[in-house]
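One-based numbering along the sequence shown. All of these numbers come straight from a predicted model, not from anything done at the bench.
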Amino acid sequence: MVAQAAFGQRPVPRPIPQGGTGNPTGARPGKQLADPKEGEEQEGPRTLLDDSTKQVYGPKTTLYFYEQAIKRNSLVLYELDTLLNNFHSYDPVAKSGWKYQDLGNIGSAAKPVYFGLPEQIGLSSGFDAYDLYFKDPSTRKFYDSKSPFTEMAAFFGGGHRNLLDLSFARNVNPRWNIGFDFSTQRVRKTLNPSKREDNMVVQNAYALHTNYRSENGRYWLLGSFSRMKHVVNEIGGIVPPAVDPTSLYFTYEDAKVWLQQSRARELRQEYHLYQEFKLGNGLQFYHVLDRKIQALVFESLLSGSDGLFFPKERLIDPDSTQHRNDFAEWRNELGIKGTVKQFYYNSFVKLRNGNRWSPQLADPTRNFTEVYLGGELIGKLSDKWQLQADGEYLLPGNFRLHGLFISPWLDVDYTKALYKPSLFFQQYRGNHREWSNDFSDIGVDQIKGTVKVPLKKIQLRPSLTLTRINNYVFLGTAMKAQQAAGQAFLLMPALKASIPVGKKFRIDSELIYTKVSGESADALRIPAWYNNTKVYFDGPLFDDNVYVQMGVDLRFRSSFFADAYQPSLQQFHLQNSFEVQGYPVLDLFLDFRINRTRVLFKYNHLNAGLMAQEGYFVTPDYTGYRSFLDLGISWYLFD
């Protein structure tokens with residue numbers, strides 16, 4: 001919930017506005033925090049009780065905020081989330097609304113189903129198959145807590161797909177908070193596991209974070225360090241029955257797969273520092289420093305059966321494949337910003353210094369330097385009306401322009417960009433493929449309009465997105481980098497709806513239709529229809545002691561030639577031989593909360609065995625989930 005007040009027990013030199021530009025989504029207004037001075041310590045934090053012996057510390061006394069709100073002079077504090085909505089969608093692909101295509105298991109390589117606007121207009125590594133599983137420091141929560149705070153969550157998926165998350169934060173003094181996060185994944189293979197602990201995915205990740213402000217409130221510092229080691233034991237997919245008649249689809253644990261001795265590893269480390277100094281409301285100076293490291297390895301023994309999966313031609317080593325691709329960068333951004341009446345402004349210069357190292361290349365190292373100029377202007381005319389314009393220019397010619405209009409009945413979002421192809425598409429050499437290209441920059445225009453239908457109880461959000469893409473870069477059917485000769489156009493009408501049925505039942509649904517046209521339409525493989533619907537009970541039970549959400553999830557994507565996955569490249573690519581059939585997947589779930597503890601039960605693929613098809617595919621030769629039960633629990637501690 002939004003805390004429309006100052007930091008817990010922390011005196012802030014100015015009040016926090018009730019809205020403001022750049023507020024993070026997910027605010028839950030309408031409920032105020034407890035009195036910040038309530039329950040001052042008398043005998044230490046572990047014995048702090050009020051007169052009724054109820055513990056004072058809780059979700060109302062541990063608040064969090066986002067860096068973007070500090071940067072945009074629009075600090076909003078949020079209470080800890082105890083809502084049940086979509087708690088059962090605990091894995092990253094499910095959290096996205098099933099808008100990612102993966103390999104049918106948590107932690108496997110994944111790509112967005114829909115074309116996405118570039119976050120970086122300059123050079124990037126191009127290796128993004130595991131982006132979904134790395135927590136971006138720019139979206140990190142920073143805390144202010146009256147007591148030590150711990151959040152623990154454990155998810156036990158059917159088939160030994162297990163996740164554990166742990167977060168801790170505490171204030172050292174009223175103006176300085178420190179904390180850490182830890183998460184791990186141990187996900188057994190869903191296809192052809194040889195033993196109980198035959199994991200497809202092993203991940204360990206942690207982060208350290210801190211935030212500090214000076215006594216007079218003029219100086220802020222936010223910092224974090226994040227590290228993720230993600231290891232995937234690749235399987236290459238199910239051997240098609242056309243290749244081996246004894247191989248069958250939808251046999252799951254008994255399936256025949258291509259790879260047994262192939263592994264991909266990715267290590268990411270990011271240092272992030274934001275600091276600002278305030279001369280006055282109209283003028284502040286800020287600095288952002290980032291250090292990013294991405295190290296990728298793929299290795300496979302070709303002397304055994306794994307060698308049958310890869311091309312017979314070997315460019316480096318006939319007996320094994322070992323690919324190494326490292327990417328590192330420094331980013332420094334210096335800027336001025338301020339708020340004048342209802343308007344926020346920002347102007348900056350940014351310097352990126354980076355390098356790519358790949359020992360398979362004749363010249364393994366490539367260094368680059370990029371200089372950016374940019375700015376932002378946001379006008380908050382009222383709580384319901386807002387205008388925003390922002391952009392950046394990369395010398396000498398790349399750019400991104402963005403505009404946003406928000407009103408009570410219509411939102412319009414427009415982006416125009418010209419960005420560089422990634423280093424992977426420009427130059428690559430491995431044991432099985434190589435290329436060197438001089439591709440043109442990629443252009444994109446996108447406009448999205450969303451209508452807010454003014455109904456009291458029913459929420460309807462029809463929208464229309466139009467996208468033009470020029471010089472699109474992709475991996476073709478031969479698994480080599482290509483650039484489309486012409487343009488592609490995407491027409492995407494959509495509808496989001498939330499409809500109450502009686503007093504305690506609700507239907508939430510999203511429907512998207514996509515039409516791809518133009519000369520390079522074939523380079524973008526997107527299902528024509530997408531739907532994700534939830535029908536559920538939502539309300540308290542047992543004398544209001546237990547809050548429950550219980551119902552079914554139904555998701556569907558229409559048939560299309562989905563991109564295939566090549567483990568040695570760690571990339572998805574076009575293919576024309578395997579049509580992933582449209583298939584409705586029905587899940588049954590029960591989420592409930594007792595005090596601060598949330599529990600989930602989820603039965604996956606309830607309709608297995610009831611359809612004309614035996615099961616469904618998510619990627620060519622990779623089947624989706626079979627029927628199994630997931631269990632999860634999350635709870636907060638405040639001492």
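Going from atom NE2 of His272 over to atom CG of Leu222 covers 7.0 Å, rounded to the nearest 0.5 Å. Between Asn171 atom CG and Asn211 atom CG the span is 7.5 Å, to the nearest 0.5 Å. For the atom pair CG (Leu221) and CD (Glu276), the distance works out to 10.5 Å, reported to the nearest 0.5 Å. Annotation: the span from Asp181 atom CG to Lys135 atom NZ amounts to 5.5 Å, rounded to 0.5 Å. Separation of atoms OG (Ser520) and CG (Asp522) is listed at 9.5 Å; rounding is to 0.5 Å. To the nearest 0.5 Å, the span separating CG on Asn532 from CH2 on Trp98 amounts to 9.0 Å.
Figure legend: Lys341 and Phe343 shown without cation-pi pairing, the cationic atom not lying both under 6.0 angstrom from the six-membered ring centre and within 45 degrees of its axis. With a 6.0 Å cutoff to the six-membered ring centre and a 45° limit on the axis angle, Arg596 does not count as a cation-pi contact of Tyr636. At least one test fails for Arg557 against the ring of Tyr530: distance under 6.0 Å to the centre or angle within 45° of the axis.
Phe155 has its ring centre less than 6.0 Å from the ring centre of Tyr90. A ring-centre distance under 6.0 Å is found for Tyr78 and Tyr64.
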Worksheet entry | side chain to side chain contact (heavy atoms under 4.5 Å, CB included) assessment of Phe87 paired with Ser634 | CA-CA 9 Å; Phe87 181 57; Ser634 171; 3.7 Å; yes
Worksheet entry | Pair Phe348-His287, side chain to side chain contact (heavy atoms under 4.5 Å, CB included): steps then yes or no | CA-CA 9 Å; Phe348 67 85; His287 172 233; over 6 Å; no
Discussion item. As a quick check of understanding, evaluate salt bridge (Lys or Arg N to Asp or Glu O under 4.0 Å) for Asp390 and Arg400, giving each step before the final call.
Written reply: CA-CA 8 Å; Asp390 61 270; Arg400 179 187 59 82; 3.0 Å; yes
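Side-chain atoms of Ser463 and Thr450 include no donor-acceptor pair closer than 3.5 Å. A donor-acceptor contact closer than 3.5 angstrom links the side chains of Thr339 and Asn73. Side chains of Thr415 and Gln446: no donor on one and acceptor on the other come within 3.5 Å. Tyr286 and Asn346 share a side-chain donor-acceptor pair at under 3.5 Å. Using modelled atom types and a 3.5 Å distance limit, the side chains of Thr533 and Asn531 yield a donor-acceptor pair. In the model, Asn398 has a side-chain atom that pairs as donor or acceptor with a side-chain atom of Asp441 under 3.5 Å.
One finds no salt bridge joining Glu376 and Lys337 here, because no Lys/Arg side-chain nitrogen approaches an Asp/Glu carboxylate oxygen to under 4.0 Å. We find that Lys111 and Asp131 are not joined by a salt bridge, their nearest charged nitrogen and carboxylate oxygen being 4.0 Å or further apart. The existence of a salt bridge linking Arg468 and Asp445 is confirmed by a sub-4.0 Å separation between a basic side-chain nitrogen and an acidic carboxylate oxygen. Remark: Asp587 engages Arg555 in a salt bridge, criterion side-chain N to carboxylate O under 4.0 Å. By the 4.0 Å N-to-carboxylate-O rule, Asp563 lies too far from Arg525 to be salt-bridged with it.
At distances below 3.5 Å, at least one donor-acceptor pair connects side-chain atoms of Gln294 with backbone N or O atoms of Phe127. Judged by distance alone, with hydrogens and angles left aside, the side-chain atoms of Gln386 form no donor-acceptor pair with the main-chain N or O of Ser382 at under 3.5 Å. Looking only at distances, no side-chain donor or acceptor of Tyr419 sits under 3.5 Å from a matching main-chain atom of Ser422. In this structure, the side chain of Arg352 engages the main chain of Leu123 through a donor-acceptor pair within 3.5 Å. Side-chain N or O atoms of Thr210 include one that pairs as donor or acceptor with a backbone N or O of Asn177 at under 3.5 Å. Looking at Arg593, its side chain never comes within 3.5 Å of a backbone N or O of Leu84 through a donor-acceptor pair. Panel note: side chain Asn353, backbone Trp330; no donor-acceptor pair is recorded below 3.5 Å. In terms of modelled atom types and a separation under 3.5 Å, the side chain of Asp144 and the main chain of Leu63 share no donor-acceptor contact. Proximity of a side-chain donor or acceptor of Thr61 to a complementary backbone N or O of Gly58 within less than 3.5 Å is detected. Although no hydrogens or angles enter the test, the distance criterion places a donor-acceptor pair under 3.5 Å between the side chain of Tyr345 and the main chain of Gly282.
Counting heavy atoms from C-beta outward, Gln120 and Lys420 have side chains that stay 4.5 Å or more apart. The shortest side-chain heavy-atom distance between Tyr57 and Lys146 falls under the 4.5 Å cut-off. Ile512 places a side-chain heavy atom less than 4.5 Å from the side chain of Tyr114. The shortest side-chain heavy-atom distance between Val288 and Gln275 does not fall under the 4.5 Å cut-off. A heavy-atom distance below 4.5 Å is found between the side chains of Phe134 and Ser226. The closest side-chain heavy-atom distance from Leu163 to Ile106 is below 4.5 Å. Side-chain contact between His209 and Arg140: present, with at least one pair of heavy atoms (C-beta onward) separated by less than 4.5 Å. Proximity of Leu404 to Ile406: side-chain heavy atoms (C-beta onward) are separated by under 4.5 Å at one or more points.
Applying the ring-ring contact (aromatic ring centres under 6.0 Å, His included) test to residues at least two apart or on different chains, the pairs with a partner in residues 495-528 are Phe505-Phe537, Tyr513-Trp529.
Remark: Lys99 pairs with Glu510 by the salt bridge (Lys or Arg N to Asp or Glu O under 4.0 Å) rule, at least two apart or across chains. Every residue two or more places apart in sequence or in another chain that forms a salt bridge (Lys or Arg N to Asp or Glu O under 4.0 Å) with Arg331 is listed here: Asp290, Glu333. For Lys452, the salt bridge (Lys or Arg N to Asp or Glu O under 4.0 Å) test picks out Asp411, with sequence neighbours left out. By the salt bridge (Lys or Arg N to Asp or Glu O under 4.0 Å) test, Lys350 pairs with Glu392, sequence neighbours left out.
Classified by interplanar angle (parallel below 30°, tilted 30° to 60°, perpendicular above 60°), the ring pair Tyr130/Tyr133 is tilted. Note: Phe225 and Tyr271 have tilted aromatic rings, judged against thresholds of 30 and 60 degrees for the angle between ring planes. Ring geometry for Tyr143 against Phe149 counts as tilted: the plane angle lies between 30° and 60°, on a 0 to 90° scale.
Closest approach of Asn86 and Lys534 over heavy atoms only: OD1-NZ, 2.9 Å.
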List the atom pairs, with distances to 0.1 Å, where a side-chain N or O of residues 491-503 and a protein N or O form a donor-acceptor pair under 3.5 Å, not counting sequence neighbours.
from: Ser498; atom 1: OG; to: Arg506; atom 2: NH1; distance (Å): 2.7
from: Ser498; atom 1: OG; to: Asp508; atom 2: OD1; distance (Å): 2.7

